[in-house]
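Predicted model only: the values in this text are computed from it and were never measured.
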Amino acid sequence: MHHKRSRGLIYGLGIVQAIADKLGREQGFVKNWFDLCAVVVTVVLSLAATGKVIGIGVGTIVAMIGVGRSVSLVNYFFKDKMLKAAGMTAQGKG
């Protein structure tokens with residue numbers, strides 16, 4: 001089965017890929033912004049509900065930055081190879 005566009009090369013990032021496609025931006029960049037928005041919503045809701053920030057720690061912040069950058073790095077070096085191995089074509093190629 002051949003697809004002209006890649007969708008969520010890493011399982012669970014489908015919504016991020018859809019937003020990236022719609023905005024014409026790179027998946028890792030959009031993942032960073034998506035995670036930042038999730039953290040901001042968590043902070044706002046926790047402050048509103050308890051008066052203090054809960055559920056956000058150093059690990060959350062490191063993961064928020066690290067995952068998006070990791071996605072960018074993997075896609076930069078391996079996206080075409082992964083698409084070919086999956087029987088798909090790279091975006092804009094074929």
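- V53 is not connected to L45 by any chain of hydrophobic side-chain contacts under 4.5 Å among Ile, Leu, Val, Met, Phe, Trp and Tyr, and they are in different clusters.
- Interatomic distance, CZ of F29 versus CG of L23, reported as 9.0 Å (0.5 Å rounding).
- Clustering ILVMFWY residues whenever any of their side-chain heavy atoms sit less than 4.5 angstrom apart, transitively, puts V44 in the very cluster that holds L36.
- Minimum interatomic distance between G28 and S72 (heavy atoms only, all atoms of both residues): CA-OG, 3.2 Å.
- A single hydrophobic cluster is seen to contain both V74 and Y76, as judged by linkage of ILVMFWY side chains at heavy-atom distances under 4.5 Å, directly or through other members.
- Between N32 and G68 the shortest heavy-atom distance is ND2-CA, 3.6 Å.
- When all heavy atoms of T60 and G55 are compared, the closest pair comes out as OG1-O, 3.8 Å.
- Shortest non-hydrogen contact noted between V39 and I61 is CG1-CD1, 4.3 Å.
- Using a 4.5 Å heavy-atom threshold, the side chains of I15 and F34 count as touching.
- A salt bridge links K31 and D35; the closest N-O separation between the charged side-chain nitrogens and carboxylate oxygens is under 4.0 Å.
- When all heavy atoms of A20 and Q27 are compared, the pair lying nearest together is CB-CA, 4.0 Å.
- Residues N75 and M82 meet the side-chain proximity criterion, which asks for heavy atoms closer than 4.5 Å.
- With contacts defined as side-chain heavy-atom distances shorter than 4.5 Å, the pair V43/L47 qualifies.
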